[in-house]
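Notes follow once the structure below has been shown.
The figures here come from the full heavy-atom set of this structure, side chains too, leaving out hydrogens, waters and symmetry mates.
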Amino acid sequence: MVSTLDEQRAHGGPATHDVTNQAPPLTPYDAFEDTALLEGLRREGAGWAEENLRRLGRQAGSDQAQEWADLANRHEPELRTHDRYGNRVDEVEFHPSWHHLMRTAIAEGLAASPWADDRAGAHVARTAGGLVWGHTEAGHGCPTSMTYAAVPALRRQPELAKVYEPLLTSREYEPGLRVPTEKRGLLAGMGMTEKQGGSDVRTNTTTATPTSEPGVYTLRGHKWFTSAPMCDVFLVLAQTPGGLSCFLVPRVLPDGTRNTFRIQRLKDKLGNRSNASAEPEFDGTVAWLVGPEGQGLKTIIEMVNCTRLDCVMMSAALMRKSLVEAGHHARHRSAFGARLVDQPLMRNVLADLALESEAATTLTLRLAGAADRAIRGDDRETAFRRIATAVGKYWVTKRGPAFTAEALECLGGNGYVEDSGMPRHYREAPLLSIWEGSGNVNALDVLRALSREPGTAEALFGEFARAQGADARLDAAVARLRNRLAGASQTTARRLVEEMALTLQASLLVRYAPPAVADAFCATRLGGDWGQAFGTLPEGADLDAIVGRALPGGI
């Protein structure tokens with residue numbers, strides 16, 4: 001029997017499976033090889049983290065890490081409500097690859113460790129690490145993000161923070177349900193939304209009843225989306241006699257017994273399949289009050305700032321990963337007598353995607369810098385962070401689905417099959433616009449900030465002023481934006497926030513990016529010399545310079 005292609009050819013047989021004109025595997029590659037990321041890291045005060053991030057970039061792009069990402073999504077978490085004897089356990093079992101990803105993320109400081117780091121730029125370094133490690137997969141970014149965001153909320157109750165913060169900021173990953181204070185490191189989840197209200201948490205019906213012990217309550221109710229149910233502790237909103245309040249709910253109580261946390265089911269989601277999202281039921285669940293009664297929203301507002309930044313960061317990471325995949329394919333695939341990357345139209349598409357990716361990355365790191373400085377007491381950066389994070393969350397996450405669809409199309413049919421990884425990216429993209437408030441919620445939040453916190457508008461226009469006079473199109477956009485603010489309303493809120501986002505991205509690129517990048521962005525996003533799809537940059541745009549800056553290893 002003929003057993004090899006060479007033998008088939010020798011015997012005149014057809015070589016039906018001779019593979020040509022296919023891109024080689026992308027891995028291994030360096031996920032840190034991103035000029036905009038490196039420049040932003042240094043500019044925002046975290047250049048000291050560069051060497052660690054270079055190492056993490058090589059690990060993120062390794063065969064092993066990419067295999068972990070694939071396996072964690074192919075082998076989804078499974079709910080086990082009872083043990084073999086009939087005891088209620090409410091545990092979720094994950095594939096080992098999930099734990100490998102989590103262990104790396106925690107060890108690399110991508111959860112709450114920056115809160116224990118006094119170095120300026122610590123929060124920037126964490127965000128940059130997310131942009132790099134985000135090249136693996138997004139699901140495990142949910143528990144790391146929630147753990148990061150839980151710390152500032154928990155600080156509203158100092159006696160609880162004293163106990164839990166050292167464990168939440170630990171770089172030790174220790175899965176499994178045990179007494180929290182007996183573990184080397186903890187993860188935090190959140191239970192905010194309910195089926196009748198979603199983002200309208202004021203309509204929550206979960207009740208909290210005080211016990212005889214000060215600060216301790218029992219909860220009764222049902223939550224609609226509670227991700228990562230195997231976390232050790234959860235921040236939960238519930239109604240008290242004094243109004244909506246925030247609580248800390250441990251899965252295991254100090255005496256070692258299981259707290260009542262009945263997982264009714266895991267969500268069957270479009271994407272984010274590696275991460276378990278659950279519907280827990282509380283019934284006599286023991287909880288500790290965080291912050292004063294009736295101030296639940298004020299308690300979690302700092303948490304929301306943190307998780308919204310992470311939505312921007314993960315969208316930017318997803319864009320970058322998708323662009324790297326598209327560029328790699330275009331460099332190795334030929335059609336109509338030339339490599340795809342050398343075809344002018346494909347080059348236009350890649351350049352347009354590169355502009356969008358660089359703008360998202362640059363804005364992400366600027367927001368991280370604002371967060372870092374706000375946390376350290378900078379009032380001006382606090383005001384800027386307040387409005388710019390909501391603006392960035394609205395716009396960058398909105399761009400994600402269209403971006404990943406275009407990047408997938410660069411691979412043609414090869415991108416439509418699961419083996420390419422692109423379908424997973426495409427399914428993931430819409431989540432980041434929905435999580436932590438959909439587009440409308442963030443647009444309305446911008447209006448709220450403008451009306452109730454006048455310093456936010458001043459801070460935003462102060463940021464624009466740093467680029468004043470450098471580009472006439474940018475100056476005109478700032479003037480238009482001032483006029484639009486006068487007539488801002490709910491009806492026009494999305495248009496207003498979109499213009500804010502594009503103007504902010506343009507001002508950053510004008511100040512920090514090469515002229516080819518800044519000029520093309522201003523011409524298209526501000527000047528209107530653009531079509532309705534990616535790949536419509538105008539004649540004269542320096543496509544070679546834009547693409548060459550964006551793709552690892554050049555073109």
Identify whether the distance between the nearest side-chain nitrogen and carboxylate oxygen of [X] and [Y] falls below 4.0 Å.
{"X": "Arg74", "Y": "Asp419", "value": "yes"}
{"X": "Glu39", "Y": "Arg549", "value": "yes"}
{"X": "Glu137", "Y": "Arg273", "value": "no"}
{"X": "Arg126", "Y": "Asp310", "value": "yes"}
{"X": "Glu281", "Y": "Lys195", "value": "no"}
{"X": "Arg424", "Y": "Glu428", "value": "no"}

Those residues that, when tested against [X], pass side-chain hydrogen bond (donor to acceptor under 3.5 Å, both in side chains) (two or more places apart):
{"X": "Thr218", "result": "none"}
{"X": "Tyr217", "result": "Glu293"}
{"X": "His95", "result": "Ser97"}

Any Ile106 side-chain heavy atom under 4.5 Å of Leu187 side chain: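 Sidechains of Leu187 and Ile106: in contact.
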
query: Asn52: what forms a side chain to side chain contact (heavy atoms under 4.5 Å, CB included) with it, not counting sequence neighbours?
result: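 Residues passing side chain to side chain contact (heavy atoms under 4.5 Å, CB included) with Asn52: Arg55.
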
message: Name the residue from Lys267, Lys223, Arg262 that meets the salt bridge (charged side-chain N to carboxylate O under 4.0 Å, His left out) definition with Glu279.
response: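 By the salt bridge (charged side-chain N to carboxylate O under 4.0 Å, His left out) criterion, Glu279 pairs with just one of Lys267, Lys223, Arg262: Lys267.
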
- prompt: Quick one: salt bridge (Lys or Arg N to Asp or Glu O under 4.0 Å) pairs with a partner in residues 85-105, sequence neighbours left out?
  reply: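 Passing the test, one end in residues 85-105: Arg80-Glu91, Arg80-Glu93, Arg88-Asp90, Glu91-Arg258.
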
With a cut-off of 3.5 Å and sequence neighbours excluded, list every side-chain donor-acceptor pair involving residues 312-319.
from   : atom 1 : to     : atom 2 : distance (Å)
Ser315 : OG     : Cys311 : O      : 3.2

task: Check whether the side chains of Asp63 and Thr27 place a donor and an acceptor atom closer than 3.5 Å, and report yes or no.
output: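 Present: a donor and an acceptor within the cut-off.
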
message: For the residue pair Glu194 / Thr205, report whether a side-chain donor-acceptor contact shorter than 3.5 Å exists.
response: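 Yes, because at least one side-chain N or O of Thr205 sits under 3.5 Å from a partner of the opposite role on Glu194.
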
message: Under a 3.5 Å distance rule, please check whether Arg376 uses its side chain to pair with a backbone N or O of Asp118 as donor and acceptor.
response: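 Yes, because the side chain of Arg376 sits within donor-acceptor range (under 3.5 Å) of the backbone of Asp118.
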
task: Please report the shortest heavy-atom distance between Leu266 and Ala276, naming the atom on each side.
output: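 Looks like CD2-CB, 4.1 Å.
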
field: Nearest heavy-atom neighbours spanning Leu167 and Pro180
entry: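 For Leu167 versus Pro180, the nearest heavy atoms are CD1-O, 3.6 Å.
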
message: Would you say CD of Gln264 has more than 12 non-hydrogen atoms from neighbouring residues, nucleotides or ligands within 6.0 angstrom?
response: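 Yes.
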
task: Could you tell me how the ring of His222 sits relative to the ring of Trp224: parallel (under 30°), tilted (30 to 60°) or perpendicular (over 60°)?
output: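 Judged by the thresholds at 30° and 60°, the geometry between His222 and Trp224 is perpendicular.
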
query: Taking the six-membered ring of Trp435 as reference, does the NZ or CZ atom of Lys393 fall below 6.0 Å from its centre and within a 45° cone about the axis?
result: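 Because its charged atom misses either the 6.0 Å distance or the 45° angle limit, Lys393 does not stack over Trp435.
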
